[in-house]
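Quick one: the structure is below, questions incoming.
The sequence lines fix the lettering, A, B, ..., with proteins before strands; numbering per chain opens at 1.
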Amino acid sequence: MYREFKHLHLPSVDAEIRQFWEDERIFEKSVEQRPTENSFVFYEGPPSANGKPGIHHVMARTVKDLFCRYNTLKGFRVDRKGGWDTHGLPIELQVEKELGITKEDIGKKVTVEEYNQACRSTVMRYKDLWDDITRRMGYWVDLDDPYITFKNEYIESCWWVLQQLYNKKTTSGESFLYKGFTIQPYSPAAGTGLSTHELNMPGCYKEVTDFSTVAMFKVRREDASAKFFDADDEDLRILAWTTTPWTLPSNVALTVGPNIEYAKIKTVSPYTGAHVSVILAKDRVSAYFNADDENNVLSTFTVGDKKLPYSVAQSSIKGSELVGLRYEQLMPTPAATTPELEAKGFRVISGDFVTTEDGTGVVHTAPYFGADDFRASKAAGIPFIGIPNPKNPELPFPLVDKQGKFVEEVPEFGGRYVKAEYYSKEVTSDKEFKPTDLLISLRLKEDNKAFKIEKYKHNYPHCWRTDKPVLYYPLDSWFIRASAARERMSELNKTINWKPASTGTGRFGQWLDNLQDWNLSRSRYWGVPLPVWRTEDGEEEVCIGSVESLRSEITKANTALGLSQTLADDLHRPYIDEVILVSASGKPMRRELDLIDVWFDSGSMPYAQWHYPFENQEVFKNNFPANFIAEGVDQTRGWFYTLHAIAAMVFDSVAFKNVVSNGLVLDKEGNKMSKSKGNVVDPFETIAEYGADATRWYMMANANPWDNLKFDTGGIIEVRNKLFGTLFNTYNFFALYANLDGFKMDEFKVLPYNNRTELDRWIISKLYSLVADYREAMDDYDVTRACRAIEEFVDEHLSNWFVRLSRRRFWKGELNDDKTAAYQTLFECLMVTSQLMSSVAPFFSDWLYRNLTAPIKDVAKAKNTPLRHDSIHLSDLIVPDASKIDKDLEKRMAYAQRICSLALSIRKKEKLRVRLPLQKILLPVLDAAFIAEVEGVKDLILSEINVKQIEYITDATGLLKKGAKANFKTLGAKLGKDMKDAAALIANFSNSDINELEQSGWLKILIHGTEYTITPEDLVISTEDLPGWKVASDGELTVALDIHMTPELLAEGTARDLVNRIQNIRKDKDFNVTDRVTVTLERHNAILAAVEQFHDYIKAEVLATDLVLADEVEGEKVELDDVVKVGIEVSVN
RNA sequence: AGGGCUAUAGCUCAGUUGGUUAGAGCGCUACACUGAUAAUGUAGAGGUCUCCAGUUCAAAUCUGGAUAGCCCUACCA
């Protein structure tokens, strides 16, 4: 017996199947049964278990899961090792919050040991919740043996990868892992550098008002600059704008755009009235001068005047001409001045980042305090400015210290905080208080070095913890020389199949094209320690690539330095920091205190998850690179990048061949989900309410996964009702009648398709067309297309055409061949559908499969047939079978559907109910094949629309009125401008015009004096009307309905009405479908003819043994139509 | 600020290489149909395809620009 159900409750289906999977180890079996050498490699991007899973995780993991399942069905072995991301700032921040400490307290209030212990116990806090959601959503991933990034083995593999990079050299002999410094966001108030992540925390970028200053840099008169001077004593200045006047003492260069045009303007200094000539970008002149004042006499100016008289002295100086000009240092700090700086610095250099959107088109350049400045001056070979560093003359100490104060050596401003915000409130609330930026500006003004001082509003980053502005400051860092592999990475990227493609070419591709070195250092505590040990002078260093070599280095050091160190069980800080190694020359070496970027952890997972190369070399070989990965699009610069970068640099390979980046899950209105807005969707609740499958299906089918999803439970309900509800009903229908007939699928007695009806062969053809479409879409990682194809098949074709039209076959008569064919056809459709949908809807599909196969499972197992598998997820994906696809048949059926639809619309218009039979429909013949095609599906049409016969109308009858429309595609090319008029002409063609064209094969038309020859292909001809008939048309097909009524037809209609009413009564009274009944009808004039002529028909339809007429009937009166009410009584025998 | 993505009916989305009257589902209205249905059928209402300009005989579709939303990257002085 097939199981029958009252209602569909998807969460119960989930529970039943989940239990079955766990009891029978279905996931494990699905992997193990496939051969290791035929692997489809999937990498799990590790989630962090220190936060609760959200609905967006269901989205991302559905994408991962379904392609893994799909490829399992295709016969691949898809090992799915789970993983946990356990390091990183979010974890540290959470711990700090819970311990009530800040980073500064680490090592003071709590030891590093305690701190890291706290991190370790926090990272897996929500593991149980994660495991639970994983099971509930049906995400198959190996959670028993996941990789965990804090484990020693994992760290060791990371070290190995780092050592590979350390040992790898560029063509110019530079290591891929190096120590340098960069200009990084730094919070003097917190005393710490800030990560990009911290800078991107909400609210970090704030609109602030700073003093902006246009400073005047005095050009030296030399041979090179002579051409810009009109006179020897001319005071020539370059104008440069800054929003950070505190960086002016650190100025070493001015950057101009090589292709920007500059102008030299003769004017006066607004604050002193002194005559000066200034150079600035031509496009910016109007920002500082008013055209009305041009050529006014300079001597008319008095200080305080708003209007600046000026005249243009030179108007098209290319930026490149200015390069090399030397100028006098603006604000000298004698202690920082060196001969080298004097020789090489204080020059105009060139930079392509310069724009003329604001400022003067000249960028004041202070390399220690700006990333662009740093790059530009480095490229120009300009030394840094600062207090001499005896250890490293090339890297003097900045003029601003780590507290954010000018060093004492800076004249006038030494000891002052550079930003007002760094002072305490008491200081700043003093009325006399002036921010340093303002004081500097005033100083410049007084010294005739300022051109304009004003307030300026802009976005500036702030430290999330102290809320004070961030400085850009030179900090030591370890880098991976990613820029050296830029081209190779870009090349490899082109071989990756990105979904959507634009992420690969755009977002990711452009990122690669502008790749900078990867700053690896993090001044944190809980993470993978950088395995580099250095001597104090930095002269010697070693990069450790394995625990074993670390051990032997320790032994070496113990001997050389007389120590007795052992390696702790934990490779984290603080233990690792205590390890002292010995250099080749016998000096002690200490570990560089940095941790590495957590993204390096996760980017190393292809190797580290297997503890490669220390173990599992074979396994790794079979599992690299990945065939498929998937994560949110926000990972583009994160995991996608680090995977790619490491694989490219260390293995000269891609890390993944196909990648799906899914979009965000937003709330119903399109807002980002956030706790503060209270619009977060709880995945547990959603799945408990609607089931995992409906949720998963909705997320995949509603929109492409890479688009953002506006999450609306209404959409899940729609999926549940339309897809799962329909499929459930179809199954239930099958089970109900199969049980009544005692039908069981028999794989050894499958009726040949040739012997089945047109309708059977049609749905089989549709089914195998679906198989082909589905596989094509899935192979292209286009799950949305695949889902929509299934939806259409189930709803449109299977349920609302095949089953609807086949109902009689199932409940009429004995189990004969036709009935068996109907069962087998429906069975096959359900079976294949179950398999196709199993990737996205793993629970329901398995439930359906198991219900369908339960009655024959023992036989199937004994005889080893395709249905022997306990689970759909253990089966082999159905292969496309072109022999089962009959496109002509599909076309015929499409005709039938359209003809029925048109006929029904006429009935509707004429208020002729479908139970009332009509004599005939008339069909104008479209082409030679048309009659044969329609004849093939004639019976279906006649029964569906309850009409006795079809009559074909050809031209010869003269009844047709034809219409013609221009075929714009073919005619447009020929006619060009005359197209519009031609279309109008053709629309007015008469029957005879059209007939002439059809018969002779061509016709001449004249438009604006030009004659064109048109052929039948240039027209779309349709039959528009059959004058005198009730007609409906969809543009191509036309249907006319004969609505003449005869007594016979009326009686038959009434008989069918009676059958319907009696069936309703049966249903109301909850009779079994097989119950035999006695029917008593009230003797009423309206039904006499029907009962007389269709006595047997009625009896057969309603399973009545007796049908009698009586004057009085006990049952209630039933409405037959608006007027007639008849008493009907139905009783079980 | 830069880069990327998106913009089509009240809602969620289709719309192939430019080509006839821009489609579907949901929702709404009315009427049917039902011996599987949480269904279904028919009809109706609902669109300046975000805006502007250009290319073209012809633009939702191609080009340029603008606007809005989102993501990423950001001290562009």
Reported CD-to-CZ distance for the pair A/Glu4 and A/Phe733, which is rounded to 0.5 angstrom:
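Between atom CD of A/Glu4 and atom CZ of A/Phe733 there are 12.0 Å.
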Hey, does the side chain of A/Asp712 reach the backbone of A/Gly714 with a donor-acceptor pair shorter than 3.5 angstrom?
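Yes.
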In whole Å, measure the gap between the P atoms of B/C11 and B/G41 for me.
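Pairwise P distance, B/C11 against B/G41, rounds to 24 Å.
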Using the side-chain contact (heavy atoms from CB on, under 4.5 Å) definition, which of the options A/Phe508, A/Phe640, A/Trp511 pairs with A/Asn493?
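When A/Phe508, A/Phe640, A/Trp511 are each tested with A/Asn493, the side-chain contact (heavy atoms from CB on, under 4.5 Å) holds only for A/Phe508.
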What I want to find out is whether A/Glu944 reaches A/Arg804 closely enough, with some N-O distance under 4.0 Å, to be called a salt bridge.
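Answer for the salt bridge query: yes.
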Looking across every strand, which nucleic acid part, if any, lies under 4.0 Å from A/Ile183 by heavy atom: base, sugar-phosphate, or nothing?
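If one applies the 4.0 Å heavy-atom cut-off, A/Ile183 turns out to touch nothing in the nucleic acid.
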Is there side-chain contact between A/Glu791 and A/Glu796, with heavy atoms separated by less than 4.5 Å?
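They are not in side-chain contact.
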Say you pick atom C1' in B/U6 and the same atom in B/C51; how far apart are they, in whole Å?
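My reading of the C1' atoms in B/U6 and B/C51 gives 16 Å.
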Does B/U34 have OP1 or OP2 sitting under 4.0 Å from an N or O in the side chain of A/Asn1060?
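Result: yes.
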Roughly how many Å apart are B/U61 and B/U48, using the P atom of each and rounding to a whole number?
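Going atom to atom, P in each nucleotide, I get 16 Å.
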Whole-angstrom distance between B/U63 and B/U56, as gauged at atom P
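About 16 Å, rounded to a whole number of Å.
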A/Ser901 side chain to A/Gln897 main-chain N or O, any donor-acceptor pair under 3.5 Å?
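No, the answer is negative, given that no donor and acceptor are paired below the 3.5 Å cut-off.
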Nearest heavy atom decides the nucleotide; on that basis, is A/Ser502 or A/Gly714 closer to the 5' end of RNA chain B?
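Nearest-nucleotide comparison on RNA chain B picks A/Ser502.
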With a 4.0 Å cut-off on heavy atoms, is A/Asp712 in touch with a base, just the backbone sugar-phosphate, or nothing at all?
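The residue A/Asp712 makes no contact with any strand.
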Rounded distance in Å between the P positions of B/G2 and B/G25:
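B/G2 and B/G25 have their P atoms separated by 43 Å.
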At 4.0 Å (heavy atoms only), tell me whether A/Asn662 reaches a base, stays on the sugar-phosphate, or touches nothing.
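The answer is nothing, as A/Asn662 stays clear of every strand by at least 4.0 Å.
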Would you measure the distance from the C1' atom in B/U37 across to the matching atom in B/C70 and give it in whole Å?
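To the nearest whole Å, 40 Å.
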Ring centres under 6.0 Å, that's the criterion: do A/Trp246 and A/Phe369 meet it?
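Yes; A/Phe369 has its ring centre under 6.0 Å from that of A/Trp246.
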Between P of B/C5 and CZ of A/Phe508, the distance in whole Å:
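For the pair A/Phe508 CZ and B/C5 P, the rounded distance is 16 Å.
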Donor-acceptor pair, distance only, cut-off 3.5 Å: does the side chain of A/Arg788 make one with the backbone of A/Val783?
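No.
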When all nucleic acid strands are considered with a 4.0 Å heavy-atom cut-off, which category describes A/Glu791: base, sugar-phosphate, or nothing?
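Nothing, no nucleic acid heavy atom in range.
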Looking at every strand, decide which applies to A/Ala240 at a 4.0 Å heavy-atom threshold: base, sugar-phosphate, or nothing.
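If one applies the 4.0 Å heavy-atom cut-off, A/Ala240 turns out to touch nothing in the nucleic acid.
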Consecutive Watson-Crick or G-U pairs in runs of at least 3, all under 3.5 Å, in which RNA chain B is involved
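RNA chain B forms these stems: B:1-7 with B:67-73, B:10-13 with B:23-26, B:28-32 with B:40-44, B:50-54 with B:62-66.
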Need to verify one output field. Residue with the more 5' nearest nucleotide on RNA chain B, A/Phe369 or A/Arg788?
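The answer here is A/Arg788.
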Is a donor on one side and an acceptor on the other found under 3.5 Å between the side chain of A/Asp373 and the backbone of A/Pro367?
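Side chain of A/Asp373 to backbone of A/Pro367, a donor-acceptor pair under 3.5 Å: no, none is there.
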When the P atoms of B/A9 and B/A14 are compared, how many Å lie between them, rounded to an integer?
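Each nucleotide's P atom is 12 Å from the other's.
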Salt bridge between A/Lys499 and A/Asp782, side-chain N to carboxylate O under 4.0 Å?
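Salt bridge between A/Lys499 and A/Asp782, a charged N being under 4.0 Å from a carboxylate O: no.
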B/S/- along nucleotides 36-46 of chain B (protein heavy atoms under 4.0 Å) is BBB-SSBS---
